[in-house]
Chemist: 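A single structure is presented below for examination.
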Amino acid sequence: MSADVLVLGSLNVDLVMRVPRIPQVGETVADGRFARRRGGKGANQAVAAARLGARVRMVGGVGADDEGRYALAGLVAEGVDTSLVEVVPDQPTGTALILVDDAGDNLIAVASGANACIAVSAGFADVLASGPGVLLASLEVPVDVVLSVAAMALDAGWAVVVNPAPAPPPGTSWPAGAVLTPNQSELQSMTGEGDVETAVRQLATDSGCRIVATLGAEGVLLCTGDTVERVAGVPVQCVDTTGAGDAFNGALAMGLAAGLSLTEAVRQANAAAAYSTETAGAQEGLLTLAQLQSRSRG
Ligand code: RIB
């Protein structure tokens with residue numbers, strides 16, 4: 001199968017504890033509620049794009065364990081092609097421990113497992129040759145794999161979106177022509193600059209990329225060349241921000257694959273991300289296209 005959106009990234013099982021507040025170091029907070037859910041930035045982004053109607057193919061890795069089968073079954077149920085997801089022997093499927101507080105804010109620690117062991121397979125070049133589309137990559141898989149795959153995709157005429165999450169090592173050199181989508185803390189880590197507008201201009205100049213900085217409730221700052229544009233946040237009743245960035249990136253990739261301009265795709269993704277926070281879980285709140293259109297009509 002060809003793909004409109006090719007997602008390179010992690011598949012995790014999320015072990016989520018909802019707590020009244022995030023404990024401090026050395027502190028215990030009681031009254032938590034536990035849930036096991038499908039997650040991983042890559043898998044979340046794949047589901048986000050698929051629910052909005054894109055044909056999605058996933059590249060990643062899972063262990064040969066029940067968790068891996070659980071993660072893959074979720075993607076298959078969403079219509080995502082998983083034929084390029086490697087089953088990595090002797091490695092567990094990635095696991096994320098997530099605390100979510102009453103305000104919907106979170107704290108996440110990830111054990112990468114199989115996500116850290118993927119390589120560029122021969123099948124990947126065949127997918128790129130099958131037609132232009134959008135490559136969407138995030139960084140819970142090895143950065144060198146992402147950079148080499150992004151360069152191959154750009155050479156093949158694909159649009160490339162790199163979500164630099166978690167924050168990349170200092171000095172990472174990005175393929176010019178890509179779209180980078182850091183959140184505020186990733187942007188600061190990548191540039192050393194606290195002022196968001198200065199930081200997006202600096203990153204755009206240094207990388208030769210277009211920058212789409214996601215600012216949570218403050219919306220998005222979009223920098224293309226010398227121009228900086230702000231897209232306002234969408235007011236919502238936030239329950240859980242986990243995966244909001246993934247909702248944004250999946251919707252952005254789907255919008256670009258559907259032929260929207262970057263600005264139009266950012267506006268759609270901004271709404272998709274905001275509405276995703278109204279439901280608990282990284283994948284549970286991802287909207288279908290019909291739901292997004294209905295919410296956006298108000
Ligand atoms: O972006 C949210 C995701 O980050 C979670 O699903 C968790 O698996 C971590 O990868």
Side-chain angles (χ1 to χ4, degrees), residues 7-18 22 34-51 58-63 65 67-68 70-75 78 80 85 91-101 104-118 136-143 145-146 161-168 180-187 189 212-216 238-253 269 272-287:
V7 175
L8 168 64
S10 59
L11 298 90
N12 293 333
V13 172
D14 290 353
L15 305 180
V16 185
M17 184 82 74
R18 183 117 203 161
I22 308 282
F34 176 75
R36 173 181 182 260
R37 299 193 167 109
R38 296 181 174 97
K41 295 187 192 305
N44 299 341
Q45 293 173 7
V47 172
R51 286 210 188 142
M58 174 96 208
V59 182
V62 293
D65 48 24
E67 289 76 12
Y70 171 69
L72 283 175
L75 288 180
E78 300 285 349
V80 174
V85 177
Q91 286 291 332
T93 296
T95 304
L97 295 181
I98 304 180
L99 295 177
V100 183
D101 70 14
D105 292 323
N106 63 50
L107 192 94
I108 303 179
V110 173
S112 301
N115 293 306
C117 301
I118 64 164
L136 170 59
S138 51
L139 302 186
E140 286 181 339
V141 295
V143 178
V145 172
V146 168
V161 178
V162 179
N163 175 218
L180 302 181
T181 61
N183 68 16
Q184 195 161 352
S185 73
E186 290 146 5
L187 183 65
S189 157
V212 176
T214 55
L215 309 175
C238 175
V239 171
D240 185 356
T241 57
T242 309
D246 304 328
F248 183 92
N249 280 280
L252 181 68
Y275 297 135
S276 77
T277 67
E278 295 188 322
T279 304
Q283 295 184 11
E284 285 74 1
L286 297 170
L287 270 60

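This is a predicted model, so every value here is computed, not measured. Counting convention: from 1, in listed order, for ligands and their atoms alike.
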Chemist: Which heavy atom of the protein is the closest neighbour of atom 6 (O) of ligand 1, given with residue, atom name and distance?
Modeler: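 Protein heavy atom at minimum distance: Asp14 OD2, 2.6 Å.
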
Chemist: Heavy-atom contacts with Asp246 under 4.0 Å: which atoms of ligand 1 show up? List them by number with element.
Modeler: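 Matching atoms, with element in brackets: 1 (O), 2 (C), 3 (C).
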
Chemist: Gly40 near ligand 1, heavy-atom distance under 4.0 Å?
Modeler: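 Yes, Gly40 has heavy atoms under 4.0 Å from ligand 1.
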
Chemist: State whether the shortest distance between N or O atoms of Asn12 and N or O atoms of ligand 1 falls below 3.5 angstrom.
Modeler: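 Among all N and O atoms of Asn12, at least one is under 3.5 Å from an N or O of ligand 1.
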
Chemist: Can you report which non-hydrogen protein atom sits closest to atom 3 (C) of ligand 1, along with the distance?
Modeler: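 So the nearest neighbour among protein heavy atoms is Asn44 ND2, 3.7 Å.
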
Chemist: Output the list of atoms in ligand 1 that are nearer than 4.0 Å to some heavy atom of Gly39, sorted by atom number.
Modeler: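 Counting atoms of ligand 1 from 1, those under 4.0 Å from Gly39 are 6 (O), 8 (O).
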
Chemist: Considering only heavy atoms of Ala96, which atoms of ligand 1 have at least one such atom less than 4.0 Å away?
Modeler: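 Close to Ala96: 7 (C), 8 (O).
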
Chemist: I need the atoms of ligand 1 closer than 4.0 Å to a non-hydrogen atom of Ala282, numbered in the order shown.
Modeler: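 The atoms of ligand 1 under 4.0 Å from a heavy atom of Ala282 are 6 (O).
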
Chemist: Can you find a pair of side-chain heavy atoms, one from Thr181 and one from Pro164, that are under 4.5 Å apart?
Modeler: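 With C-beta onward as the side chain, the pair touches.
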
Chemist: Among Thr95, Thr93, Asn115, which one satisfies side chain to side chain donor-acceptor pair (under 3.5 Å) with Asn12?
Modeler: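 When side chain to side chain donor-acceptor pair (under 3.5 Å) is applied between Asn12 and each of Thr95, Thr93, Asn115, only Asn115 qualifies.
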
Chemist: Quick test: of every protein heavy atom, which one is nearest to atom 4 (O) of ligand 1, and how far off is it to 0.1 Å?
Modeler: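 Nearest neighbour among protein heavy atoms for atom 4 (O) of ligand 1, to 0.1 Å: Lys41 NZ, 3.2 Å.
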
Chemist: Give yes or no for whether the N/O distance cutoff of 3.5 Å, strictly under, is met between Glu140 and ligand 1.
Modeler: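 Yes, since at least one N or O of Glu140 sits under 3.5 Å from an N or O of ligand 1.
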
